[in-house]
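Scroll down for the structure; my scribbles are underneath it.
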Amino acid sequence: MSARVAIGYAHRRGMLDRPGQRRSHTIPTPRGGGIGIVLANLVCLPGTLLGTWAPWSWPVVAALLAALLLVALAGWWDDHRSLPILPRFGAQLLAVLLFAVALGASGMSWWWLLPLLLAGVWSINLHNFMDGIDGLLAQQAMFVGAGLAWLAWNAGQWPLALAASCLATASLGFWCLNRSPARIFMGDVGSGSVGLLIFAFTAMLWRVDASLLWPALILSSAFVADASLTLLTRYFRGRRWYSAHREHLYQWLVRRGLTHAWGGTIYMTWNLLFAAPMAWLAWSHPRLALPISIVAYLAAAALWLMLKRRCLRRHPTKDRHVAA
């Protein structure tokens, strides 16, 4: 319902993503629909995480809510009018810092603060990068949210399982309007918030049982591999890695002629036929979880490289790079 309201609001405020050289859609489409996912989690998370059975401490929950609100506000601002990169990055860094400090105060070694900061900021941005075709990020949030909920449930962490289920359910509701052909886009308010929540739930699961980090990371392998390898490729080729472009694998698949629906199907096929079984394998064999995760990410990288080369061979050289 909130996404439907957001459609009317976006039209009234002129919040439309128009077709362009760096975009994969062909008609003007309203953005900002991810506000519904944010509102659903702001409402549900306190009740789920502060429940009576194995609850999380209120500082951790309060920090998570503050972080979510901060990232969402920065994204909402950017959806209305472009927010410069430094204020946006500063808001993301502060949000992750709030959550990481609260998590650290619960008994975690402070040596983990810097890795958490880097992982959290990268998760926010990579999910923003991967929100470029109809339904892709929403279906990923459904899959990862459901997977994290299953891992938390089996670890006896019911509050965290319910919180992750809230993310998956809210994303499903949004996906119904975001699937191809999309009636509304998630916008930065949604993509950044989804990235923050996936990071936060993964970190919380790690605090419950360190061995659960590896199956949780495998669940996100499709997005992490595509975003990370694309960024590294652009960086080592001397391009402006921070500028807008259309060189992610999912964008190349669409440029090659696949529909948005087929592009999303390829990613979900990986999730269901490889990532999910490998995550289960890492969960059921905790002593082998790390090497299993390494194998999963090597396989994701190999598939990314194979599909990317295939796309490039079938595309004119002069149109290979949209942005320098």
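Residue numbers count from 1 along this sequence. Predicted model only: the values in this text are computed from it and were never measured.
Considering only heavy atoms from C-beta on, Pro291 stays 4.5 Å or farther from Val295 through its side chain. The shortest distance between side-chain heavy atoms of Lys308 and Leu305 does not fall below 4.5 Å. Here the side chains of Leu303 and Leu249 are not in contact, with every heavy-atom distance at 4.5 Å or above. Side chains of Leu160 and Leu205 form a contact here, defined as non-hydrogen atoms less than 4.5 Å apart. Between Trp262 and Leu253 the shortest side-chain heavy-atom distance does not fall below 4.5 Å. In this structure, Ile198 and Ser220 have side chains that are in contact, with non-hydrogen atoms separated by less than 4.5 Å. Side-chain contact check for Trp122 versus Ser228: some heavy-atom pair is nearer than 4.5 Å. In this structure, His260 and Val254 have side chains that are in contact, with non-hydrogen atoms separated by less than 4.5 Å.
Leu83 and Phe89 are not part of a single hydrophobic cluster, where members link through side-chain heavy atoms under 4.5 Å apart. Transitive grouping of hydrophobic side chains (ILVMFWY, heavy atoms separated by less than 4.5 Å) brings Tyr297 and Leu288 into a common cluster. Linking Ile, Leu, Val, Met, Phe, Trp and Tyr whenever their side-chain heavy atoms come within less than 4.5 Å leaves Val43 and Leu45 in two separate clusters. A single hydrophobic cluster is not seen to contain both Leu94 and Leu196; linkage of ILVMFWY side chains at heavy-atom distances under 4.5 Å, directly or through other members, places them apart.
Legend: residues meeting side chain to side chain donor-acceptor pair (under 3.5 Å) with Asp209, ordered by chain and number and at least two apart, are Ser211. Listed by chain and number, the residues in a ring pair (Phe, Tyr, Trp, His ring centres under 6.0 Å) with Trp270 are Phe274 (sequence neighbours excluded). Checked against side-chain contact (heavy atoms from CB on, under 4.5 Å), Ala301 has the following partners two or more places apart in sequence or in another chain: Leu229. Among residues two or more places apart in sequence or in another chain, the salt bridge (Lys or Arg N to Asp or Glu O under 4.0 Å) test is passed with Arg88 by Asp78. Annotation: side chain to side chain donor-acceptor pair (under 3.5 Å) contacts of Asp226 (sequence neighbours excluded): Thr230, Tyr267, Trp304. Scanning for ring pair (Phe, Tyr, Trp, His ring centres under 6.0 Å) contacts around Trp77 gives an empty result, with sequence neighbours left out.
For an aromatic pair to be called close, the ring centres must be under 6.0 Å apart, and His80 with Trp76 satisfies this.
Scanning all heavy atoms of the two residues, the minimum distance from Asn125 to Val121 falls at ND2-O, 2.8 Å. When every heavy atom of Leu136 is checked against every heavy atom of Gly264, the shortest pair comes out as CD1-CA, 4.1 Å. In terms of heavy-atom proximity, Gly32 sits nearest to Asp79 at CA-OD2, 4.0 Å. Here the shortest heavy-atom pairing between Asp134 and Arg179 reads CB-C, 4.1 Å. When every heavy atom of Cys166 is checked against every heavy atom of Ala40, the shortest pair comes out as SG-O, 3.8 Å. What you find for Phe174 and Gly34 is that their closest heavy atoms are CE1-N, 4.0 Å.
The hydrophobic cluster containing Leu172, built from Ile/Leu/Val/Met/Phe/Trp/Tyr side-chain heavy atoms closer than 4.5 Å, also comprises Met142, Trp175. As a member of the Ile/Leu/Val/Met/Phe/Trp/Tyr network built from side-chain separations under 4.5 Å, Leu114 groups with Leu118.
Rounding to the nearest 0.5 Å places CG of Leu281 at 4.0 Å from CD1 of Ile292. Of the inter-residue distances, the one linking Arg237 atom CZ with Glu247 atom CD reads 7.5 Å to the nearest 0.5 angstrom. Note: Gln140 CD to Met130 CE = 7.5 Å, rounded to the nearest 0.5 Å. Distance check: Leu151 CG to Thr202 OG1 gives 9.0 Å after rounding to the nearest 0.5 Å. Here CH2 of Trp153 is found 8.0 Å from OG of Ser165. Values are rounded to the nearest 0.5 Å. With values rounded to the nearest 0.5 angstrom, Leu162 atom CG is found 6.0 Å from Thr48 atom OG1.
Here the side chain of Ser221 pairs a donor or acceptor atom with the backbone of Ile218 at under 3.5 angstrom.
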Enumerate, atom names and distances included, each donor-acceptor pair closer than 3.5 Å involving a side-chain atom of residues 64-74, sequence neighbours excluded.
none

Please tabulate, for the side chains in residues 184-194, all donor-acceptor contacts under 3.5 angstrom to protein atoms that are two or more places apart in sequence or on a different chain.
| residue | atom | partner | partner atom | Å |
| --- | --- | --- | --- | --- |
| Asp188 | OD1 | Asn128 | ND2 | 2.6 |
| Ser191 | OG | Asn128 | ND2 | 3.0 |
| Ser191 | OG | Gly187 | O | 3.2 |
| Ser193 | OG | Val189 | O | 2.6 |

Just list the side-chain donor-acceptor pairs under 3.5 Å for residues 98-105, sequence neighbours left out, or say none.
none

TODO: Output, in order, the C-alpha distance, side-chain angles, deciding distance and verdict of side chain to side chain contact (heavy atoms under 4.5 Å, CB included) for Phe199 and Leu126.
DONE: CA-CA 11 Å; Phe199 155 73; Leu126 83 84; over 6 Å; no

Open item on the list: side chain to side chain contact (heavy atoms under 4.5 Å, CB included), that's the test. Do Asn154 and Trp150 meet it? Break it down for me.
Closed with: CA-CA 6 Å; Asn154 280 279; Trp150 182 81; 3.1 Å; yes

Open item on the list: Checking Asn271 against Met268 for the side chain to side chain contact (heavy atoms under 4.5 Å, CB included) test, could you report, in this order, the C-alpha distance in whole Å, the side-chain angles of both residues, the deciding distance, and whether it holds?
Closed with: CA-CA 5 Å; Asn271 286 340; Met268 186 54 77; 4.0 Å; yes

- [ ] Let me see the working for Leu116 and Val96 under side chain to side chain contact (heavy atoms under 4.5 Å, CB included), right down to the final yes or no.
- [x] CA-CA 8 Å; Leu116 283 173; Val96 177; 5.5 Å; no

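Relative orientation of the Trp283 and Trp280 rings is tilted, given thresholds of 30° and 60° on the angle between their planes.
Within 6.0 Å of atom CH2 in Trp110, more than 12 heavy atoms from other residues, nucleotides or ligands are found, so the atom counts as buried in its surroundings.
Counting only residues at least two apart or in different chains, ring-ring contact (aromatic ring centres under 6.0 Å, His included) contacts with residues 200-229 comprise Trp112-Trp206, His127-Phe223.
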